Amino acid sequence: VYLNRQQRPQAAESYKKAIELAPDMGQVYMNLGRVCAEMGNTEEAIRYYEEFKKRWKGNPLMLDSVNDLLEKLRQPAPSQVKKEKEKQKI
């Protein structure tokens with residue numbers, strides 16, 4: 001419900017509560033990872049996506065999707081790449 005209303009902090013808190021209540025429910029980790037990524041919390045998103053991979057027992061295609069997301073999250077932001085190139089010029 002919170003995601004539909006663009007209330008990401010509230011959605012994150014709801015997912016964290018769900019994890020406390022049912023820590024083996026893999027889908028919740030993926031949802032929380034997505035919310036964290038949307039809020040710019042890359043490291044936290046990576047942590048929850050990795051936890052999802054450990055717990056997911058469903059469709060293997062979901063693991064492929066999460067692996068793709070993790071790869072994108074681990075790439076440096078374009079602004080960071082630009083800064084690194086500028087440092088190398090000096």
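In this text the structure is predicted, and so the values were computed from the model without any measurement.
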Going by ring-ring contact (aromatic ring centres under 6.0 Å, His included), name the pairs with one or both residues in residues 54-77, residues two or more places apart or in two chains.
F52-W56
Partner set under side-chain hydrogen bond (donor to acceptor under 3.5 Å, both in side chains) for E13, not counting sequence neighbours:
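Residues passing side-chain hydrogen bond (donor to acceptor under 3.5 Å, both in side chains) with E13: none at all.
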Contact list for residues 19-33, test salt bridge (Lys or Arg N to Asp or Glu O under 4.0 Å), sequence neighbours left out
D24-R55
So how far is it from [X] [atom1] to [Y] [atom2], rounded to the nearest 0.5 Å?
X   : Y   : atom1 : atom2 : result
R8  : M39 : CZ    : CE    : 8.5 Å
I19 : S14 : CD1   : OG    : 11.0 Å
L70 : Y49 : CG    : OH    : 7.5 Å

Y29: ring pair (Phe, Tyr, Trp, His ring centres under 6.0 Å) partners, not counting sequence neighbours
none
Heavy-atom pair with the smallest gap, counting every atom of A18 and V28
CB-CG1, 3.9 Å
Do any side-chain atoms of residues 40-48 form donor-acceptor pairs under 3.5 angstrom with protein atoms, and if so which ones, sequence neighbours left out?
{"residue": "E44", "atom": "OE2", "partner": "K16", "partner atom": "NZ", "Å": "3.3"}

By salt bridge (Lys or Arg N to Asp or Glu O under 4.0 Å), K57 pairs with (sequence neighbours left out) none
Check the pair M30, E51 against side chain to side chain contact (heavy atoms under 4.5 Å, CB included), reporting the backbone distance first and the verdict last.
CA-CA 8 Å; M30 187 178 85; E51 197 60 39; over 6 Å; no
Just checking M25: does its CE atom have more than 12 heavy atoms from other residues, nucleotides or ligands closer to it than 6.0 angstrom?
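Count not over threshold, so no.
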Under the side-chain hydrogen bond (donor to acceptor under 3.5 Å, both in side chains) definition, can you give me all pairs with a residue in residues 58-72, not counting sequence neighbours?
K53-N67
